[in-house]
Chemist: 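Right, I'll just put the structure down here and ask away after.
Sequence lines set the chain letters: A, B, ... in the order given, protein chains first and strands last, and positions in each chain run from 1.
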Amino acid sequence: MRLYDTPARGVVEFEPLRPGHISMYVCGPTVYAPPHLGHGRMAISFDLIRRYLVFAGWDVKFVSNYTDVDDKIIARARDEGVSADAVARKYEAVWDDAMRRLRVMPPDVAPRATDHVGAMVALVESLVESGNAYVSTSGDVLFSVRSFDGYGKLSHQSIEDLDAGARVEPGEHKRDPLDFALWKAAKEGEPSWPSPWGPGRPGWHIECSAMAATYCGHPFDIHGGGSDLIFPHHENEIAQSEAADGVVFARYWLHTGMVNLEGAKMSKSTGHFLSIEDALARYSPEAIRLLVAQTHYRNQLDFSPALVADSEAAVDRIATMCERAAEALGLDAATLRAAPAIVAAEPEAGAMAAFQAAMDDDFHTPAATAVLFDLVKRANAAVDRDETAELPALLAAIAAVDSVLQVVPPPARGDTALADVMELVLELRQRAREEKDYATADRIRDRLAEAGISVEDSPEGAKWRRRRR
RNA sequence: GGCGGCGUAGCCGAGUGGCUCAGGCAGAGGUCUGCAAAACCUUUUACGGCGGUUCGAUUCCGCCCGCCGCCUCCA
């Protein structure tokens, strides 16, 4: 298996720390606002990667945190007149719900920063002892970037280059403009924890260093996140994790591309974004996942309604195929879509080989979707030719590929009242057709289409189904 | 200014030094149908510009143009 490693600036062969095992840490959300499609893309991208690793037989430990103590959370709490903890818990739930709806698997461990302050304090202490950190006159504990030789190795910047663009806020008392806070002294009314340097709270970067080491080990295999976290967040994680003991922090770094909306990056801070909730009100989770999978995870994704509409049509096509195949095999369509593995058959070997080859090459999901659509086309062709013998192997392969992609839509919830009404309507329409009253038959079909129900005539009688938009 | 990415057919989006091709969506024609739909088959001046390397470049190199990201909180 090969993957693109950010510090190596290229695709490298993956070698696990322990054979058969992969420990993975992906930076989770700061829970102060609803997540947007940028977060969704990042989460779906890593979900695709994780599901594939599991599919490929790795024993994966997937850890993703909640940053639940932060300036923005505190500011939000102040604005709303509630506690910081209340804000964090609220948006944690919003995040979980969004992830569930996007069919993103929950992490094996989802640690909260506030539950790991002790480990952070211990890490800061060791950095102070090793001379990599100092207590500033303002009472903060700062990391001295010049004390760490490798600073800049992830983002490929020299300290000099970075220095030129660095800003210093008044009152920070930094020895170097690039030095960053490991521990912030408590201000009036802020959440705080006891420490050797007085009450305070952890800096942003230290939590990930502490939690990743706690749950994934030191070192661990793969660290992931959005590409906008490369600097300074991940660069700083490396510095503070490696400076004290010289042990490598994460062995491979994976970064996902940004999502653009109308030509500019989505960003919570600028208000230029489409929330996951709003997106899901208009588009199906499967269409959003397909859109994400059809673009390589490292590339920028330019989001637009027209784009999801395309994906929606493609997802619809997969759903239609499932129904046709189920009928051809005499299976219940809903059961087939809910549990495609019902067709107990060996997945078609050629497709599986193509799928694995694609995913082993830096998680090439665009090629994997091509494999899926090739299977859909072959399954449809088999139904057309009435060659159902090869169908189970094709469906098993589709199920296998979809165990990673998760783009086959689940069956619509059964609405028996609608089904009864439709039975009557189609019966009346059939009577009109038999009487060659095609005007009436077509009018019924057209009106149903307007109501979002398509009607298809076939030798076995008319079939109907609800259309996605 | 420093670091990095991208520019591929109507749209989105993979990929490759020459060989038949990614894939999806849309459009056109065909099969099927009372007409449709679905499905299948066929199909639509493709590789930003200018040079260079090469027997041969969309693919490698250089320059230019355009777009985007990071360098500050950010998925």
Chemist: Measuring from the side chain of A:Asp457 (C-beta onward, heavy atoms only), which nucleotide among B:rG15, B:rA36, B:rA26 has the closest atom?
Modeler: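 Out of B:rG15, B:rA36, B:rA26, the nucleotide with an atom closest to A:Asp457's side chain is B:rA36.
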
Chemist: Ring-on-base stacking between A:Phe373 and B:rG24, under 5.5 Å between centres and under 30° between planes: is it there?
Modeler: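 One would not call A:Phe373 stacked on the B:rG24 base.
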
Chemist: At less than 3.5 Å, do the side-chain atoms of A:Arg41 and the base atoms of B:rA75 form a donor-acceptor pair?
Modeler: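 No pair found.
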
Chemist: Determine, for A:Glu434 against A:Arg431, whether the closest basic-nitrogen to carboxylate-oxygen distance falls under 4.0 angstrom.
Modeler: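 No salt bridge links A:Glu434 with A:Arg431.
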
Chemist: For A:Ser158, which contact category applies under a 4.0 Å heavy-atom criterion: base, sugar-phosphate, or nothing?
Modeler: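 If one applies the 4.0 Å heavy-atom cut-off, A:Ser158 turns out to touch nothing in the nucleic acid.
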
Chemist: Counting any heavy atom closer than 4.0 Å, what does A:Gly225 reach on the DNA or RNA strands: base, sugar-phosphate only, or nothing?
Modeler: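 Result for A:Gly225 = sugar-phosphate.
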
Chemist: Is the A:Phe363 ring parallel, tilted or perpendicular to the A:Tyr52 ring (thresholds 30°, 60°)?
Modeler: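 Answer is perpendicular, since the angle exceeds 60°.
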
Chemist: Is A:Gly257 touching bases, backbone alone, or none of the nucleic acid, heavy atoms closer than 4.0 Å?
Modeler: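 Base, at least one base atom sits under 4.0 Å.
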
Chemist: Reckon A:Arg429 touches a base, only the sugar-phosphate, or nothing at all at heavy-atom distances under 4.0 Å?
Modeler: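 Base contact.
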
Chemist: Quick test: give all pairs of protein nitrogen or oxygen and nucleotides 40-44 of chain B nitrogen or oxygen below 3.5 Å, distance rounded to 0.1 Å.
Modeler:
unit_1: B:rC40; atom_1: OP1; unit_2: A:Arg317; atom_2: NH2; d: 3.2
unit_1: B:rC40; atom_1: O4'; unit_2: A:Asp384; atom_2: OD2; d: 2.9

Chemist: Between A:Arg2 (side chain only) and A:Asp361 (backbone N and O only), is there a donor and an acceptor less than 3.5 Å apart?
Modeler: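 No, because the side chain of A:Arg2 does not come within donor-acceptor range (under 3.5 Å) of the backbone of A:Asp361.
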
Chemist: Side-chain N or O of A:Lys436 versus OP1/OP2 of B:rC35: is the shortest distance under 4.0 Å?
Modeler: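 Checking A:Lys436 against B:rC35: no side-chain N or O falls below 4.0 Å of OP1 or OP2.
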
Chemist: Rounded to whole Å, how long is the line connecting atom CE of A:Met42 with atom P of B:rA75?
Modeler: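 The distance from CE of A:Met42 to P of B:rA75 comes to 8 Å, rounded to the nearest Å.
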
Chemist: How would you list, by chain and number, every residue that makes a side chain to side chain contact (heavy atoms under 4.5 Å, CB included) with A:Ala400, sequence neighbours excluded?
Modeler: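 Per chain and number, A:Ala400 pairs via side chain to side chain contact (heavy atoms under 4.5 Å, CB included) with A:Phe55, A:Met352.
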
Chemist: What's A:Val259 touching, base or sugar-phosphate or nothing? Going by heavy atoms closer than 4.0 Å.
Modeler: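 Touches a base.
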
Chemist: From the set B:rC25, B:rA22, B:rG69, return the single nucleotide nearest to any side-chain atom of A:Ala264.
Modeler: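 Among the listed nucleotides, the one closest to the side chain of A:Ala264 is B:rG69.
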
Chemist: Under 4.0 Å between any heavy atoms, over every strand shown, what does A:Ser267 touch: base, sugar-phosphate, or nothing? Just pick one.
Modeler: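 If one applies the 4.0 Å heavy-atom cut-off, A:Ser267 turns out to touch a base.
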
Chemist: Ignoring hydrogens and angles, tell me if any N or O in the side chain of A:Glu286 forms a donor-acceptor pair with the backbone of A:Pro409 under 3.5 Å.
Modeler: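 Side chain of A:Glu286 to backbone of A:Pro409, a donor-acceptor pair under 3.5 Å: no, none is there.
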
Chemist: In terms of the angle between their ring planes, are A:His205 and A:His233 parallel, tilted or perpendicular, with boundaries placed at 30° and 60°?
Modeler: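 Ring orientation, 0 to 90° scale: tilted.
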
Chemist: Could you run down the sub-3.5 Å N/O contacts of the protein with nucleotides 30-32 of chain B?
Modeler:
none

Chemist: Would you mind telling me which of B:rC73, B:rC68, B:rG24 lies closest to the side-chain atoms of A:Asn260?
Modeler: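 The answer is B:rC68, which lies nearest to the side chain.
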
Chemist: Just to verify, which of A:Tyr25, A:Phe62, A:Phe46, A:Tyr252 counts as forming a ring-ring contact (aromatic ring centres under 6.0 Å, His included) with A:His223?
Modeler: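 The passing option is A:Tyr25.
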
Chemist: Of the nucleotides B:rG69, B:rG34, B:rC71, which one has an atom closest to the side chain of A:Arg433?
Modeler: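 Ranking B:rG69, B:rG34, B:rC71 by closest atom to the A:Arg433 side chain puts B:rG34 first.
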
Chemist: Mapping A:Ala439 and A:Ala370 to their closest nucleotides on RNA chain B, which lands nearer the 5' end?
Modeler: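 Upstream on the strand: A:Ala370.
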
Chemist: Do the side-chain N or O atoms of A:His156 get closer than 4.0 angstrom to the phosphate oxygens (OP1, OP2) of B:rG2?
Modeler: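 A:His156 to B:rG2 OP1/OP2: no side-chain N or O under 4.0 Å.
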
Chemist: With a non-hydrogen cut-off below 4.0 angstrom, is A:His233 in contact with a base, only sugar-phosphate, or nothing?
Modeler: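 Counting heavy atoms under 4.0 Å across all strands, no contact is made by A:His233.
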
Chemist: Quick one: which of B:rG15, B:rC25, B:rG34 gets closest to the side chain of A:His364?
Modeler: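 The closest nucleotide is B:rG15.
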
Chemist: Give one of base, sugar-phosphate or nothing for A:Ile230, where a contact means two heavy atoms less than 4.0 Å apart.
Modeler: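 The residue A:Ile230 makes no contact with any strand.
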
Chemist: Looking at A:Arg50 and A:Asp108, does any basic side-chain N land under 4.0 Å from a carboxylate oxygen?
Modeler: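 A salt bridge links A:Arg50 with A:Asp108.
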
Chemist: Any ion pair linking A:Arg51 and A:Asp47 (charged N to carboxylate O, less than 4.0 Å)?
Modeler: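 Between A:Arg51 and A:Asp47 there is a salt bridge, with a charged N closer than 4.0 Å to a carboxylate O.
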
Chemist: Would you say A:Gln356's side chain and A:Ala56's backbone share a donor-acceptor pair under 3.5 angstrom?
Modeler: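 Pair absent, no side-chain N/O of A:Gln356 close to backbone of A:Ala56.
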
Chemist: Considering only side-chain heavy atoms of A:Phe231, which listed nucleotide, B:rC68, B:rC71, B:rA14, is closest?
Modeler: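 Of all the options, the side chain of A:Phe231 is nearest to B:rC71.
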
Chemist: Looking at A:Glu277 and A:Arg101, does any basic side-chain N land under 4.0 Å from a carboxylate oxygen?
Modeler: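 Salt bridge flag = no for A:Arg101 with A:Glu277.
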
Chemist: Can you tell me if A:Arg103 uses its side chain to pair, donor with acceptor, with the backbone of A:Leu405 under 3.5 Å?
Modeler: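 Checked: no pair found.
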
Chemist: What nucleic acid atoms does A:Met321 come within less than 4.0 Å of, heavy atoms only: base, sugar-phosphate, or nothing?
Modeler: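 It contacts nothing in the nucleic acid.
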
Chemist: So, A:Asp179 and A:Arg146, do they make that salt bridge, N to O below 4.0 Å?
Modeler: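 So A:Asp179 does not pair with A:Arg146 through a salt bridge.
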
Chemist: Can you identify which nucleotide, out of B:rA75, B:rG34, B:rA37, has its nearest atom closest to the A:Glu456 side chain?
Modeler: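 The closest nucleotide is B:rA37.
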
Chemist: Hey, does A:Ser454 reach any base, or is it just sugar-phosphate, or nothing, if we go heavy atoms under 4.0 Å?
Modeler: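 Touches nothing.
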
Chemist: Considering only side-chain heavy atoms of A:Gln294, which listed nucleotide, B:rG24, B:rG34, B:rA14, is closest?
Modeler: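 The listed nucleotide nearest to A:Gln294's side chain is B:rG24.
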
Chemist: For B:rC68, take OP1 and OP2 only and decide whether either is under 4.0 Å from a side-chain N or O of A:Lys265.
Modeler: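 Result: no.
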
Chemist: For RNA chain B, list all stems, counting runs of three or more consecutive pairs where every pair is Watson-Crick or G-U wobble with both distances under 3.5 Å.
Modeler: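 The stems are B:1-7 with B:65-71, B:10-12 with B:23-25, B:26-31 with B:39-44, B:48-52 with B:60-64.
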
Chemist: Please state the C1' separation for the pair B:rA46 and B:rU16 - nearest whole angstrom.
Modeler: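 B:rA46 and B:rU16 have their C1' atoms separated by 14 Å.
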
Chemist: May I ask you to say what A:Val383 touches in the nucleic acid, namely base, sugar-phosphate or nothing, with a heavy-atom cut-off under 4.0 Å?
Modeler: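 The answer is nothing, as A:Val383 stays clear of every strand by at least 4.0 Å.
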
Chemist: Considering only heavy atoms, which members of residues 43-53 of chain A lie under 4.0 Å from some atom of RNA chain B?
Modeler: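 Here the set is empty: none.
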
Chemist: Can you check nucleotides 5-10 of chain B for protein contacts, nitrogen or oxygen pairs under 3.5 Å, and list what you find?
Modeler:
none

Chemist: Just do the side-chain hydrogen bond (donor to acceptor under 3.5 Å, both in side chains) check on A:Tyr297 and A:Asp362 with the steps written out, would you?
Modeler: CA-CA 9 Å; A:Tyr297 74 89; A:Asp362 194 28; 2.6 Å; yes

Chemist: Which nucleotide sits closest to the side chain of A:Arg9: B:rC25, B:rC3, B:rA75?
Modeler: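 Of all the options, the side chain of A:Arg9 is nearest to B:rC3.
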
